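Note: hydrogens, waters and symmetry copies are ignored here, and every other heavy atom, side chains too, is used. Source: prediction; values computed, not measured. All chains are named by letter (A, B, ...) in the order of the sequence lines, taking the proteins before the strands, and each is independently numbered beginning at 1.
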Protein chains: 2
Amino acid sequence: MPVTYLAINKTMFLHFRDKFPQLNVFWDKYLPFQTRLEVPTKTILLEEGKISQNYIFIEKGCVRTFFNNNGEEKTVQFFFENEGLTSFDSFVNNIPSQCAIETIEPSVIYLLPKQYVTQMIEELMHEQNFAQMMLQMFAQRQTHYINEFISFIRDTPEQRYQNLLRERPHIVQRVPQHYIASYLGVTTVHLSRIKSKIAKGKAHF
Amino acid sequence: MPVTYLAINKTMFLHFRDKFPQLNVFWDKYLPFQTRLEVPTKTILLEEGKISQNYIFIEKGCVRTFFNNNGEEKTVQFFFENEGLTSFDSFVNNIPSQCAIETIEPSVIYLLPKQYVTQMIEELMHEQNFAQMMLQMFAQRQTHYINEFISFIRDTPEQRYQNLLRERPHIVQRVPQHYIASYLGVTTVHLSRIKSKIAKGKAHF
DNA sequence: GCCGGACGATAACATATGTTATTAAGTTCA
DNA sequence: TGAACTTAATAACATATGTTATCGTCCGGC
């Protein structure tokens with residue numbers, strides 16, 4: 001069971017602030033229990049195989065999640081400022097995470113211990129529109145993963161790179177190329193070829 | 001936005017019967033509103049681009065979901081007896097489905113019109129453990145799609161076929177090979193090569 | 001300033017996969 | 001039964017992608 005990401009994070013809170021203003025109260029309430037950390041690049045925030053003990057919120061910087069496959073690292077996802085993540089499986093089922101979480105820039109992060117996350121969800125369950133909120137949050141996460149899945153079925157690595165350039169250019173700008181190659185499912189050599197090919201195609205004399 | 005599948009179906013009901021016995025009441029209550037259909041192979045149950053109007057439950061037979069990509073059909077998923085499906089996006093957002101749904105065997109299916117599904121969810125929201133139920137249901141669906149996604153990142157088409165043989169042999173047995181090729185993301189020719197290679201590897205003299 | 005390591009481009013070659021065409025076996029239906 | 005169609009295997013060739021190696025640049029530590 002790989003890592004999935006808990007839908008309840010600050011991004012969601014910000015996103016649903018208008019629809020569900022009561023969320024602000026909860027976010028503020030749990031702020032004091034968070035630990036602020038300043039960490040350098042390549043800091044492991046969660047090791048593969050460990051049970052996640054914290055909800056991670058990114059104030060500054062960015063992180064990636066990845067797993068080890070026969071000595072080769074496979075990058076699954078990137079997270080940036082004002083995004084939060086944790087292992088859904090670890091939280092719901094208390095099992096080891098299949099993915100590691102690592103910073104790829106010097107970052108400022110906040111850790112909210114598991115017990116408070118559980119507590120916050122418990123409290124949230126008594127809210128009026130909780131079910132509706134959950135539906136929308138999960139639909140959003142699910143849509144993300146299905147789109148990734150569909151993209152692998154439908155698109156070539158070159159098309160996937162073009163999609164990334166078009167839809168999430170900040171990733172291409174900020175993330176080292178070998179992580180992007182791993183995310184696209186190709187080698188660094190081939191990503192380099194793809195870039196070269198695109199550059200030649202765009203060149204006009 | 002591609003098709004995703006509503007987590008609330010009979011499989012879920014059967015699966016969660018012990019934990020949430022109150023579900024049986026709901027399932028029974030909505031049985032009378034379902035239409036029974038006997039349909040031949042290659043019956044389109046939902047066209048790509050149409051808004052899904054029914055929740056589909058399979059009593060006998062099997063179906064696939066697929067989308068058209070430059071004239072080439074890409075199979076996304078297979079469903080069998082006692083499984084239910086519909087377009088999550090169509091239901092939540094009333095938008096056209098990106099996938100078509102088609103029988104690949106003579107089948108017996110039940111259709112529950114959209115209005116009753118909505119009504120059932122509304123009623124379910126007032127149940128005691130609804131939030132808990134939703135969490136588990138969505139976690140399960142999400143895990144499925146993430147596993148598909150991870151499998152594309154990690155495995156070669158041959159490994160994906162071996163996984164299919166090992167974990168879901170009923171698919172290989174019942175589904176025509178060209179649909180499986182499309183599901184694995186390769187051509188029929190290459191799947192044939194893979195099978196041939198595996199057969200030679202297994203041969204012993 | 002020098003050095004070593006991380007990152008990225010490129011070349012040469014190997015392997016995997018796609019494309020097209022051909023053949024054959026099984027199915028459906030008149 | 002025969003004709004048309006679907007499905008699957010195979011061959012020959014084309015393209016995409018992986019592997020290994022080399023080179024150059026940039027950057028941080030000393």
Send over the distance from [X] [atom1] to [N] [atom2], rounded to a whole Å.
X: A:L191; N: D:dG18; atom1: CG; atom2: P; result: 10 Å
X: B:I180; N: D:dT6; atom1: CD1; atom2: P; result: 19 Å
X: B:E158; N: C:dG18; atom1: CD; atom2: P; result: 13 Å
X: A:Y179; N: C:dA6; atom1: OH; atom2: P; result: 11 Å
X: B:Q159; N: C:dA16; atom1: CD; atom2: P; result: 12 Å
X: A:I194; N: C:dT10; atom1: CD1; atom2: P; result: 14 Å
X: A:N70; N: D:dG18; atom1: CG; atom2: P; result: 15 Å
X: A:H190; N: C:dG8; atom1: NE2; atom2: P; result: 17 Å

Selected nucleotide, minimal atom distance to A:P176 side chain, candidates D:dA11, C:dT10, C:dG8: C:dG8

Worked check of side-chain contact (heavy atoms from CB on, under 4.5 Å) between B:Y179 and B:E102: CA-CA 12 Å; B:Y179 295 143; B:E102 179 191 64; 3.9 Å; yes

Looking at [X], I'd like to know whether one of its side-chain N or O atoms comes within less than 4.0 Å of OP1 or OP2 on [N].
X: A:Q177; N: C:dA9; answer: yes
X: B:K195; N: D:dA8; answer: no
X: B:T187; N: C:dG18; answer: yes
X: B:H178; N: D:dA8; answer: yes

Stepwise side-chain hydrogen bond (donor to acceptor under 3.5 Å, both in side chains) check, A:T86 with A:S52: CA-CA 7 Å; A:T86 191; A:S52 173; 3.0 Å; yes

Residue closer to the 5' end of DNA chain D, B:T188 versus B:K42 (nearest nucleotide): B:K42

Nearest-nucleotide comparison on DNA chain D, the residue closer to the 5′ end among B:V175 and B:R193: B:V175

Geometric cation-pi criterion B:R160 and B:F152, 6.0 Å radius, 45° cone: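 Cation-pi check for B:R160 and B:F152: passes.
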
Charged N-O contact under 4.0 Å between B:R174 and B:E81: yes

Centroid separation A:F33 to A:Y116 less than 6.0 Å: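 Close enough - the centres of the two rings lie under 6.0 Å apart.
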
